[in-house]
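We count ligands from 1, going down the list as the structure has it; atoms in each ligand are counted the same way.
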Amino acid sequence: MALRAAIPFARSLTLYTNLQRRFGLGYGGVGPAPPQWLAFLAEMEPLRTPEQRLDWTRSFYLTAPDDLPPADQRSFGCFRCDPPDVAGVLRIHFSNRDSADDVGPLSRAKTPRRLAELKTMFAFVRETWPRTRTVQGRSWLYNLDAYRRLFPPAYGDSRAPPAGRVGLGGTSSWGQFLDHREAVKPDLRAAFLHNIEAIDVEAPWRAFPLPALGATAPIALFYDFYAV
Ligand SMILES: CC(C)(COP(=O)(O)OP(=O)(O)OC[C@H]1O[C@@H](n2cnc3c(N)ncnc32)[C@H](O)[C@@H]1OP(=O)(O)O)[C@@H](O)C(=O)NCCC(=O)NCCS
């Protein structure tokens, strides 16, 4: 992206990778950059080879805070939600916090666990934010039946590419490359490396094999589905 879009290398790291988020330093390009991120970029700038850059990234990562937000009252196992916005829209998120027994969190065997987490989360939402009207998510995960089956069918059926730009500072596109052991999935990696040869700098998210999709549905469907 630095070469194709003719922008400084450091700027491309902020805008088009999720390293800042993975280092636990917030979302790239939003608000003032934290000093630790600027320090990472300053050391990175003079490095020229991919090996040097990778070594520095790895060693910085080892000293960085945990990249998952600490579990708090809005965390329910693998799920988390933000408080509803002024229009009553509740955003929901997924991260892998359950690879126990070397079984992935979306495997069918673990569906009852995930449904129990969602039931608890939506009971919390109903109790805490009764003005919630709508649920929204945005992720590559909406491509997977294994994820959609955890939600009311109308929510999964609403999935569609978002109208505007797709940010690349988080996990909504990058997350597809990881398996539940945090290893990179080779097929998706190969497809991505092929696609970026002809990347569209105006819409770089189109190079990801699985597009980030938005999903939305009224909150009442969730209360019914989980019987809360
Ligand atoms: C989500 C995540 C755990 C999936 O990794 P995984 O090793 O495939 O995980 P699981 O074993 O739990 O998934 C198994 C199920 O998902 C399906 N699946 C996973 N990736 C798939 C893909 N690329 N295409 C089709 N199906 C896929 C499998 O077929 C399986 O479904 P089945 O039980 O019906 O056969 C992993 O990608 C991850 O942790 N990503 C980072 C978190 C993230 O992306 N969060 C989204 C934030 S917006």
Notebook entry, point to check: About how many Å separate CD of Gln176 and OG1 of Thr171, when rounded to the nearest 0.5 Å?
Noted result: 11.5 Å
Item checked: Residues Asp98, Arg114: salt bridge by 4.0 Å N-O rule -> yes
Notebook entry, point to check: Atoms of ligand 1 less than 4.0 Å from Arg108 heavy atoms?
Noted result: 33 (O)
Notebook entry, point to check: Rounded to the nearest 0.5 Å, how far apart are CZ of Phe177 and CD of Glu182?
Noted result: 14.5 Å
Notebook entry, point to check: Using the benzene-type ring in the case of Trp, are the ring centres of Trp37 and Phe40 under 6.0 Å apart?
Noted result: yes
Check: Polar-atom distance check: Leu144 versus ligand 1, any N or O pair below 3.5 Å?
Finding: no
Checklist line | Atom CG of Leu193: over 12 foreign heavy atoms under 6.0 Å | finding: yes
Check: Looking at Asp102 and Arg181, does any basic side-chain N land under 4.0 Å from a carboxylate oxygen?
Finding: yes
Next item on the list: Given side-chain hydrogen bond (donor to acceptor under 3.5 Å, both in side chains), test Ser75 with Arg80 step by step and report yes or no.
Entry: CA-CA 4 Å; Ser75 305; Arg80 195 180 153 81; 3.2 Å; yes
Check: So which heavy atom on Ala207 is nearest to which on Asn195, and how close?
Finding: O-ND2, 2.9 Å
Notebook entry, point to check: Is the distance between the ring centroids of Phe225 and Phe151 under 6.0 Å?
Noted result: no
Note to self: Does only the side chain of Leu210 get under 4.0 Å from ligand 1, or the backbone, or both, or neither? Count heavy atoms.
What the structure shows: side chain
Check: Can you check whether a protein heavy atom sits less than 4.0 angstrom from atom 24 (N) of ligand 1?
Finding: yes
Margin query: Show me which atoms of ligand 1 lie under 4.0 Å from any heavy atom of Asp179.
Written below: 5 (O), 7 (O)
Item checked: Close-contact set for ligand 1 against Arg138 heavy atoms, below 4.0 Å -> 48 (S)
Notebook entry, point to check: To the nearest 0.1 Å, how far is atom 3 (C) of ligand 1 from its closest protein heavy atom, and which atom is that?
Noted result: Pro105 CG, 3.5 Å
Next item on the list: Kindly indicate whether atom 16 (O) of ligand 1 is approached by any protein heavy atom to under 4.0 angstrom.
Entry: yes
Margin query: Would Lys110 count as a contact residue for ligand 1, given that I'm defining contact as a non-hydrogen atom of the residue lying under 4.0 Å from a ligand atom?
Written below: no
Next item on the list: Ignoring angles and geometry beyond distance, decide whether Lys185 reaches within less than 3.5 Å of ligand 1 through its nitrogen or oxygen atoms.
Entry: yes
Item checked: Contact check: His180 vs ligand 1, nitrogen or oxygen atoms, below 3.5 angstrom -> yes
Margin query: When you measure from the heavy atoms of Arg181 to every atom of ligand 1, does any distance fall below 4.0 Å?
Written below: no
Item checked: Reference residue Leu13; test side-chain contact (heavy atoms from CB on, under 4.5 Å); the match among Met1, Met44, Arg53, Gln20 -> Met44
Checklist line | Arg189, CZ: over 12 other non-hydrogen atoms inside 6.0 angstrom | finding: no
Check: To the nearest 0.5 Å, what is the distance between CD (Gln136) and CZ (Arg91)?
Finding: 5.5 Å
Item checked: Proximity of Leu141 to ligand 1 by residue part, where a heavy atom lies under 4.0 Å -> side chain
Next item on the list: First locate atom CG of Leu41, then atom CZ of Arg11, and finally report the distance between them rounded to the nearest 0.5 Å.
Entry: 10.0 Å
Notebook entry, point to check: With only distance considered, is Gly175 within less than 3.5 Å of ligand 1 through an N or O on each side?
Noted result: yes
Next item on the list: Check each heavy atom of Ser107 against ligand 1 and say whether those closer than 4.0 Å belong to the side chain, the backbone, both or neither.
Entry: backbone
Next item on the list: Looking only at protein heavy atoms, identify the closest one to atom 28 (C) of ligand 1 and say how far it is in Å.
Entry: Ala146 CB, 4.7 Å
Notebook entry, point to check: Is the closest N or O pair between Trp140 and ligand 1 shorter than 3.5 Å?
Noted result: yes
Note to self: Suppose we measure from atom 43 (C) of ligand 1 to each protein heavy atom; which comes out shortest, and what is that distance?
What the structure shows: Thr171 CG2, 3.6 Å
Margin query: Side chain or backbone, does Leu106 bring an N or O within less than 3.5 Å of an N or O on ligand 1?
Written below: yes
Next item on the list: Check whether more than 12 heavy atoms from other residues, nucleotides or ligands sit under 6.0 Å from atom CZ of Arg108, and answer yes or no.
Entry: no
Next item on the list: For Ser172, counting its heavy atoms only, list the atoms of ligand 1 lying under 4.0 Å from any of them.
Entry: 48 (S)
Check: So which heavy atom in the protein is nearest atom 39 (O) of ligand 1, and how far is it from that ligand atom?
Finding: Asn96 CB, 3.5 Å
Next item on the list: Starting from atom 48 (S) of ligand 1, find the nearest protein heavy-atom neighbour and note its residue, name and distance.
Entry: Ser139 OG, 3.4 Å
Notebook entry, point to check: Got a second to check how far Leu178's CG is from Ser95's OG, nearest 0.5 Å?
Noted result: 11.5 Å
Notebook entry, point to check: Would you say ligand 1 has an N or O under 3.5 Å from any N or O of Arg149?
Noted result: yes
Checklist line | OG on Ser173 to CZ on Arg206, rounded to 0.5 Å | finding: 12.0 Å
Next item on the list: Can you sort out which atoms of ligand 1 are near Gly104, meaning under 4.0 Å from one of its heavy atoms?
Entry: 10 (P), 11 (O), 12 (O)
Item checked: Nearest non-hydrogen protein atom, atom 2 (C) of ligand 1 -> Leu178 O, 4.3 Å
Next item on the list: Starting from atom 45 (N) of ligand 1, find the nearest protein heavy-atom neighbour and note its residue, name and distance.
Entry: Phe94 O, 3.0 Å
Checklist line | Sub-4.0 Å heavy-atom contact, His93 with ligand 1 | finding: no
